[in-house]
Amino acid sequence: MTVTELVSYEDALAAYDPVMGLEVHVELGTKTKMFCGCSTALGAEPNTQTCPTCLGLPGSLPVVNATGVESAIKIGLALNCEIAEWCRFARKNYFYPDMPKNFQTSQYDEPIAYNGYLDVDVDGEVFRVEIERAHMEEDTGKSTHVGGATGRIHGAQHSLLDYNRAGIPLIEIVTKPIVGAGEKAPEVAKAYVTELRELIKSLGVSEARMEMGQMRCDVNLSLRPQGADKFGTRSETKNVNSLRSVERAVRFEIQRHAAVLGDGGTIIQETRHFHEEDGSTTSGRVKEEAEDYRYFPEPDLVPVAPSRAWVEELRGGLPELPRVRRNRLREEWGLSRHEMQSVLNAGAIDLITATIDEGAPADQARKWWMGELARRANEDGVELAALPITPAQVARVCALVKEGSLNDKLARQTIEGVLAGEGGPDEVVTKRGLKVVSDEGALGTAVDEAIAANAAIADKIRGGKVAAAGALVGAVMKATRGQADAARVRELILEKLGVEG
Ligand SMILES: [Zn+2]
């Protein structure tokens, strides 16, 4: 393997214009597989969720999963696609152990949905990504190569095959060539996959968890000299499985293509592997052309002909789509586009919304999720939603602050206690004794003590140096272990010393 010296990103963009094509596979969350009744539940023992149909045994016949078709139409509609009045499945023939039938049931020239678009926000601007098609197909089995250093087949001693995944419904969403993104190509790619993931989740057709392989992205990239019309030869980086990796893969391939082209070399049309560790890609196999798969219409399945009435019914039932919802919430919460982008990137929209639904003011809900909790999630290296605290608990903390039982510092300690598994907010407040000292008698005593212990400062304040009160407030706060309302303490001090605030 020859390692190409990369060209700097700036130099690559000065000479070339990137063209991308993104192919995203989404595993649908149906209970059963696309063409048989086998369960799709995760985590079962290998090869326990198979039957003659998904194993491709002679004499078995497939039946289309109606929920799978419905999900495909919903996705197509949400992507502003036209929905085919009549379309067929096709056999994609290939000989590889992950597909026991030796063909994958897919769609070829008759996709269920085509000609759509998805608008994405990049740096406060709208970028329209055009959709070529969204088609139905089935997932392959899973191979595990054992004994090698890399987990790939090269160097492995043996391979294990699990066909539980073979036949799980997939929707493949293919963009038209994405041109005009220029230096923002990596961000556009990431923004598109992010928006698509949000869209899929909002439709309820898949959880679209990339880390679980429920959503995977193939990144096609080519460069053409600045000003040229003709596309260059593309490479296809397969199965990129995080948003950040999508961005990195595009960036790396731009720099690699530029290096090869700049040296007078040619880009080979091939698939490539992405490496998380350093963000690089390496050569996979030379890409098959469509004709290598000898597609032909699937003879065992009836064509799919969704009635217009059904399509319109599904259109009418679509939820508010994420971008529309985001713009609405942005106005309701009074945020800038940039602030809303941060909330989206942090995965906090649903958490903040749920916290508000539990009675918290919008600014407070956002403050906790985007501040203290985001910091904790970051430290622990987990998603915000994975923190062991619920929106209802955050809302309860907000309520305790509002009624004056907690100040900001105590609220932080309460949240810390909830995260540490000490119970709900009220339980933590009781256990840790965190309530603000609002008992005027106790507070008065603490103030008297502070005045007595700091006679010189007290004299200064009596003499008109009101600013010196801060030192006494500090003393009282210390004595009450931070559990007093600082503003009230200050009032009391001035009152007792007979000065006007
Ligand atoms: Zn089956």
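Indexing begins at 1, ligand by ligand and atom by atom, following the structure's order.
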Problem - Heavy-atom neighbours of Glu183 CD exceed 12 at 6.0 Å - result: no
Practice task
Flag yes if more than 12 heavy atoms outside Glu125 fall under 6.0 Å of its CD atom; otherwise flag no.
Solution key: no
Practice task
Could you walk me through whether Phe89 and Phe35 pass ring pair (Phe, Tyr, Trp, His ring centres under 6.0 Å), step by step?
Solution key: CA-CA 11 Å; Phe89 286 97; Phe35 304 109; 5.2 Å; yes
Exercise for the section: Please list all pairs passing the salt bridge (Lys or Arg N to Asp or Glu O under 4.0 Å) test where one or both residues lie in residues 344-355, with sequence neighbours left out. Expected result: Arg325-Asp350
Exercise for the section: Not counting sequence neighbours, list each pair that qualifies as a side-chain hydrogen bond (donor to acceptor under 3.5 Å, both in side chains) and has a residue in residues 75-92. Expected result: Arg88-Glu110, Arg91-Glu298, Arg91-Asp300
Fill in the blank from the handout: Count of protein N, O or S atoms below 2.8 Å from the Zn ion (ligand 1) equals 4
Problem - Residues that Arg133 engages under salt bridge (Lys or Arg N to Asp or Glu O under 4.0 Å), provided they are two or more places apart - result: none
